[in-house]
Every structure is written in C-alpha cells, then in structure tokens.
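Input: a single structure, listed below in structure tokens.
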Amino acid sequence: MRTSWADSVANSASEIAVSDNSSVPRPTRSTYVPPHLRNRQASDAPNLPGPATERATFTGTAGGSLGSRWSSDPPKPEMGRPGPGYGYAGAVAGRGGSGGGWNNRSRGWDRREREVNPFDDDVDDKTDDAEQAFSEQENTGINFDAYEDIPVETSGENVPPPVNTFAEIDLGDLLNQNIRRCKYVKPTPIQRHAIPIALSGRDLMACAQTGSGKTAAFCFPIISGIMREQYVQRPRVARTVYPLALILSPTRELSCQIHDEAKKFSYQTGVKVVVAYGGAPINQQLRELERGVDILVATPGRLVDLLERARLSLQMIRYLALDEADRMLDMGFEPQIRKIVEQMDMPNRGVRQTMLFSATFPREIQVVYNCSIRLASDFLSNYIFLAVGRVGSSTDLIVQRVEFVHESDKRSHLMDLLHAQRENGAHGKQALTLVFVETKKGADSLEHWLCINGFPATTIHGDRTQQERELALRSFKTGKTPILVATDVAARGLDIPHVAHVVNFDLPNDIDDYVHRIGRTGRAGKSGLATAFFNEGNLSLARPLAELMQEASQEVPAWLTRYASRAPYGGSKGRRSGGGRFGGRDFRRESSFGKNLDYYGGGNSGSGYGVPSSNYGGGYAPGVTSAWD
DNA sequence: AAAAAAC
C-alpha cells in the first residue's frame with residue numbers, strides 16, 4: 001500500500017505499536033525495554049562518560065543489567081558477548097549474567113582503555129588547515145533548510161511514522177551521547193523515516209543520496225538493537241567469529257568510511273565494529289576480528305575469503321545492510337552477494353533484518369528480470385520501500401552543465417576549466433575537482449598530463465595498490481593535489497568534503513552512474529558544480545540526461561534536447577530509475593499488474609521512462625511526482 | 001565494454 005508521509009502520520013499510532021511483521025518470528029525491538037530500565041526516565045542519563053564513570057563498569061557487576069548493553073551505565077564490553085577469543089563460553093554469560101566472565105576483567109579494562117576516542121581523534125587526524133577551518137561548518141552547518149522541502153514516499157504495509165527529533169527515538173543513552181558528540185542536532189529526512197522503520201524490525205529498501213545521512217540511518221538501529229540484546233549466546237568454535245550485523249559495500253574506501261562512522265556511533269557502547277577488505281594484509285584484520293566483533297563492515301571478496309577460511313561465520317547475523325545496494329546487486333557483484341547471503345550460513349530473510357540503501361534502485365533489481373532472477377525480493381521480507389528526494393543531485397544544489405566536447409578536445413577543454421577555476425578561486429587556489437574518466441589507463445594518462453601541465457593531480461582506480469588509493473584520497477582531501485582523476489571506483493558513496501566541481505570527462509553509459517558521480521559534490525545540503533563533456537559517443541545518454549536535468553530545473557542546451565528527441569527509445573536500461581525528484585520508486589506495485597509484466601522486454605510505459613504507464617495504479621500521475629510538488 | 005571485488 002502506498003502511503004504518503006501524511007498518511008503515515010495519520011495511521012501512525014495503531015501501526016507502530018504492533019509489530020507489523022507478524023508472520024515473522026522477530027523480536028519487536030521498538031517496544032522491548034530490558035527489565036532494569038523499565039519505569040526509568042531519560043533524565044537518569046549519566047553525564048558524558050569520562051574517567052569518573054569508568055568505575056561503574058566494575059562495581060556494577062552484580063546488577064540485573066549484566067549482559068545487556070542497553071543501559072545508561074557504562075558498557076561492559078565483555079559481558080554477554082564473549083568473542084570466541086576470550087576463552088570462556090558464551091553459555092556463562094548466557095545464564096543471565098552470572099559473574100562468570102570476570103576473570104577477564106583486566107582484558108575488558110584494557111579494551112576500554114584502548115578504545116580511541118574517535119571524536120578527539122578526528123581533530124588530531126585531520127591536520128590540514130582546510131579541514132580545521134571547515135570543521136565547524138561540517139558538523140553544525142548542514143544546510144537543513146535544503147532538507148525541509150524534500151518529498152518522501154513510502155510504501156509497504158504498516159509503515160511506522162517518521163520522527164522529527166532524535167529525542168523521540170529510544171536509541172539508548174550511550175548512542176544518544178555519541179549522536180550529540182557528532183553534533184547531529186536533528187535527523188535528516190532519511191533518518192527521520194528509516195530509523196523508526198528499522199527499529200520496528202522491518203526490512204527496508206531505501207533510496208536516498210549519500211551525503212544525506214544514510215550511514216547513520218542504518219547504523220543507529222543496528223547499534224541500538226545490539227545494545228538492547230540482553231545477551232547473545234554465540235557459538236564457541238576455535239578461531240571462528242560470529243558477528244551480529246554485516247554491512248556490505250562495493251568499494252574498499254567506502255567500507256573504511258562506513259567503519260569510521262560506525263566507530264563514532266558505537267563509541268563506548270561496547271558494540272565492536274570491525275572492517276575487512278581486500279588489498280590490505282589479512283592478518284591484521286584477523287587479529288581485529290579475534291578481539292571480538294559485533295558489526296562487520298566488509299567488501300565482498302575479502303568477506304568470502306574469511307568465510308572460506310572458516311574464520312568467520314554468518315550464523316548469528318541479525319542485521320544485514322547493503323550500502324549502494326544497486327551496485328551490490330548488479331551483474332558484476334550479484335553472484336558474490338548471492339553466495340554470501342544465500343549460500344553460506346546466513347539466517348534466512350525474515351529471520352534476519354535486511355536493509356538495502358542506495359541513491360538509485362533500477363527496476364530490474366526490484367522485480368523479476370531475465371525470466372527467473374529475483375534480486376531484492378530474494379533478500380527482503382515484506383519490506384518497506386522508502387524514497388527520499390535527492391539532496392543535491394536533482395535539486396538546484398548542484399548546478400549541472402553539459403558541454404559538447406569532441407574527444408580530441410577534451411584535455412584542452414578541461415585545462416580551460418581548471419584555469420578559469422583557479423583564477424576565480426579564492427587566493428588563486430584550486431578548488432577540489434573530481435574528474436571522472438572511463439578507464440583505468442585513461443585515468444593514469446590524464447593524471448600525468450595534468451601534472452606536467454602544472455595542475456597537481458592524483459588518481460584513484462582499481463589498478464592501483466590499496467596504499468596508493470588511500471594516499472591519493474588523502475592527498476586530494478587535504479588539497480595537496482586538488483584534482484583527483486577517478487574511475488567509477490570513486491563514484492559511489494565516498495564522502496569527500498568540499499568537492500566544488502565534478503567533471504564528467506568521460507560520461508558513463510548509465511544515467512544512474514551519472515547521478516552517483518555528481519553526488520560527490522553538493523553534499524550535506526551544500527552547493528556544487530557538475531560539468532559533463534558530451535559528444536557523439538554519448539548518444540544513448542542524451543535522453544535520460546536531458547530529462548534528469550530538466551527535472552532538476554537545470555538549463556538544458558538546445559543541442560542536447562535535439563539529440564534527446566532523436567535518440568532511440570530508452571536510456572541505457574530503458575528507464576529512469578527515479579520519478580521526478582525521487583531517488584527511486586517502488587516497483588512492486590507495477591509488477592503486480594499482470595498486463596504490465598512485459599516492461600523488462602522493452603515494452604514498458606510507452607510514454608517514456610520515469611513516467612508511469614497508464615495502468616500504473618500508484619500515486620504518480622504523469623508530471624505529478626508527489627503531493628509536495 | 002569497463003569497473004569493482006581475494007589470495
């Protein structure tokens with residue numbers, strides 16, 4: 001059932017109280033309160049944990065809260081969730097918190113001591129002036145005005161209503177403290193909607209631009225849920241670890257970024273976050289895992305490696321999150337993801353909670369395609385679809401330009417842009433510019449050419465070592481090399497503050513990739529510029545690009561409109577993934593109309609992509625994308 | 001066709 005935001009609010013009270021997924025044996029996290037916290041007021045929250053509160057970790061051992069991390073008491077990292085490396089059985093803690101694990105107290109102490117303060121660290125780590133200068137704006141200056149008008153669509157059964165403040169959500173005192181430390185004042189639209197849904201235990205497919213607070217939207221409920229568990233009795237198998245949550249992402253850098261954020265959110269909650277990805281020595285990651293893991297952030301290849309070595313089991317996974325899920329489920333990744341989700345020891349959908357997040361969700365990922373393959377529906381159970389209007393990519397926060405540039409003129413044209421930018425920039429400094437190219441070789445050669453022409457550039461792509469990739473990213477972020485030439489490895493999810501300009505030196509073939517790429521600028525409500533070099537090689541993109549720009553109230557050059565009208569039917573996939581200002585649409589409805597099942601054969605909605613066909617019964621009429629328009 | 005993702 002498609003419901004609008006307003007409908008959700010109207011229906012709210014009855015629906016949220018009941019766990020909506022009655023057919024699924026899943027704890028109703030939204031309502032559960034551990035016994036020791038019942039009748040307890042929020043005002044009981046302790047002060048920010050500091051050295052003074054540390055003692056409570058060891059004086060409170062006899063309390064009924066043993067084994068639970070859902071507590072305003074300082075966390076007890078060891079209790080109730082012994083990592084396999086600890087040498088005592090999960091059953092000990094599982095008995096409801098007898099003091100069984102206390103011979104490990106020094107180890108627990110050590111771990112607390114060793115937990116680096118990610119907030120202080122943040123300051124130390126970013127030694128560059130730019131970061132310091134921007135940091136205030138970064139944390140508190142999120143342009144929330146830009147968020148106010150954002151349209152939201154939800155569909156699915158019994159959608160929990162959104163919240164307006166973090167205070168309305170019972171995330172737990174410890175997590176709330178970290179939210180304050182992050183200086184998050186109020187939830188972003190995706191957070192307002194996704195967090196209540198996730199907390200109610202429902203599966204979720206969410207469309208929202210990265211940079212709009214997606215990571216927190218799935219991390220908060222996961223961390224909160226893990227803290228709520230009274231205890232989790234995990235199997236004890238030598239050298240095998242059993243995380244409770246798995247977060248998958250398509251690139252190593254993105255996994256690192258999610259890990260860094262999740263560490264902040266889980267600081268001093270006792271919830272342990274570990275990252276695993278390829279291109280880095282596996283031994284260090286293994287050691288980290290052995291020290292205990294609740295939330296594992298990983299790229300698929302390294303994860304499969306760990307599973308095959310039996311150093312990791314997915315048996316205890318309760319939460320599965322796929323970031324950039326459209327990429328994770330596309331042709332290249334699908335077999336690996338299927339292996340991880342369906343052919344290892346992961347609990348079935350419905351048993352675990354599954355959340356897919358992306359800026360775009362092509363219909364072929366949502367519904368049947370290739371006759372038999374189901375993607376999202378294989379992984380999700382009675383899910384809620386949530387689409388939050390794009391922050392930036394399709395609004396006027398990003399100015400999109402398209403220029404007709406012949407292949408042979410691209411370099412000199414780029415040079416002109418960079419020169420102009422440098423002259424107009426403050427103090428003659430080059431603004432951070434991200435240049436996307438098609439191939440790895442092309443990236444190297446363009447980087448070299450820029451460097452010998454006086455523009456400090458670096459490059460990131462899959463042929464570089466992980467060390468080189470990370471160095472390049474750092475060098476770009478700090479402004480040491482203000483130009484980064486990148487392949488699509490950098491297209492998704494990467495949160496690089498202060499990217500002023502994204503240049504599509506080579507346009508992608510898929511409009512969704514274009515959306516992801518330009519989303520590297522104009523983040524968190526800030527403005528940005530995106531310039532595309534278009535020529536005869538990009539004809540298939542003419543129509544979807546012209547439409548996208550038009551929807552975003554961008555100036556579409558007349559020549560592009562002409563190309564678009566001449567273009568053969570369809571974009572790269574014969575559709576636009578989003579209607580209007582939305583990052584996507586729930587295609588379940590359409591698929592339920594029997595006569596509309598030929599859409600993947602190319603015969604869909606003859607009126608064009610993005611515009612629902614006449615027999616589509618949803619809330620979109622042609623030209624009307626939502627009640628907010 | 002390219003890119004990404006394990007050793």
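Chain letters run A, B, ... following the sequence lines, proteins first, then strands; residues in each count from 1. Side chains included, hydrogens not; waters and symmetry mates left out as well; all remaining heavy atoms used.
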Ignoring backbone atoms, test whether A/K441 places a side-chain nitrogen or oxygen under 4.0 Å from the OP1 or OP2 oxygen of B/dA2. no

Between A/R469 and B/dA5, is there a contact of a side-chain N or O with OP1 or OP2 at under 4.0 Å? yes

With sequence neighbours left out, the residues meeting side-chain contact (heavy atoms from CB on, under 4.5 Å) with A/S565 are none

When we call it a touch if two heavy atoms are under 4.0 Å apart, what does A/G332 touch: a base, just sugar-phosphate, or nothing? base

Ranking B/dA6, B/dA5, B/dA1 by distance to the side chain of A/E438, first place goes to B/dA1

Among the candidates B/dA6, B/dA3, B/dA1, find the nucleotide nearest to the side-chain atoms of A/N509. B/dA1

Verify side-chain contact (heavy atoms from CB on, under 4.5 Å) between A/H516 and A/D326, making sure each step is shown before the conclusion. CA-CA 11 Å; A/H516 282 280; A/D326 63 332; 3.3 Å; yes

Donor-acceptor check, side chain of A/N535 to backbone of A/V405, threshold 3.5 angstrom: yes or no? yes

Using a 4.0 Å heavy-atom cut-off, does A/V489 contact any base of the nucleic acid, only the sugar-phosphate backbone, or nothing at all? sugar-phosphate

Contact residues, residues 246-253 of chain A to DNA chain B [heavy atom, < 4.0 Å]: A/P250, A/T251, A/R252

Using the ring of A/Y563 (Phe, Tyr or Trp, six-membered ring only), decide whether A/R566 places NZ or CZ under 6.0 Å from its centre and within 45 degrees of its axis. yes

So, is A/T299 near the phosphate of B/dA6, with a side-chain N or O under 4.0 Å from OP1 or OP2? yes

Checking ring pair (Phe, Tyr, Trp, His ring centres under 6.0 Å) against A/F533, which of A/F505, A/F436, A/F404 comes through? A/F505

Without decimals, in angstroms, what is the distance between A/D488 CG and B/dA5 P? 12 Å

Is the A/W559 to A/F534 ring centre distance short of 6.0 Å? yes

Report which part of the nucleic acid A/A276 touches: base, sugar-phosphate, or nothing (heavy-atom distance under 4.0 Å, all strands). nothing

Applying a 4.0 Å non-hydrogen cut-off, can you work out what A/D305 is touching in the nucleic acid: base, sugar-phosphate, or nothing? base

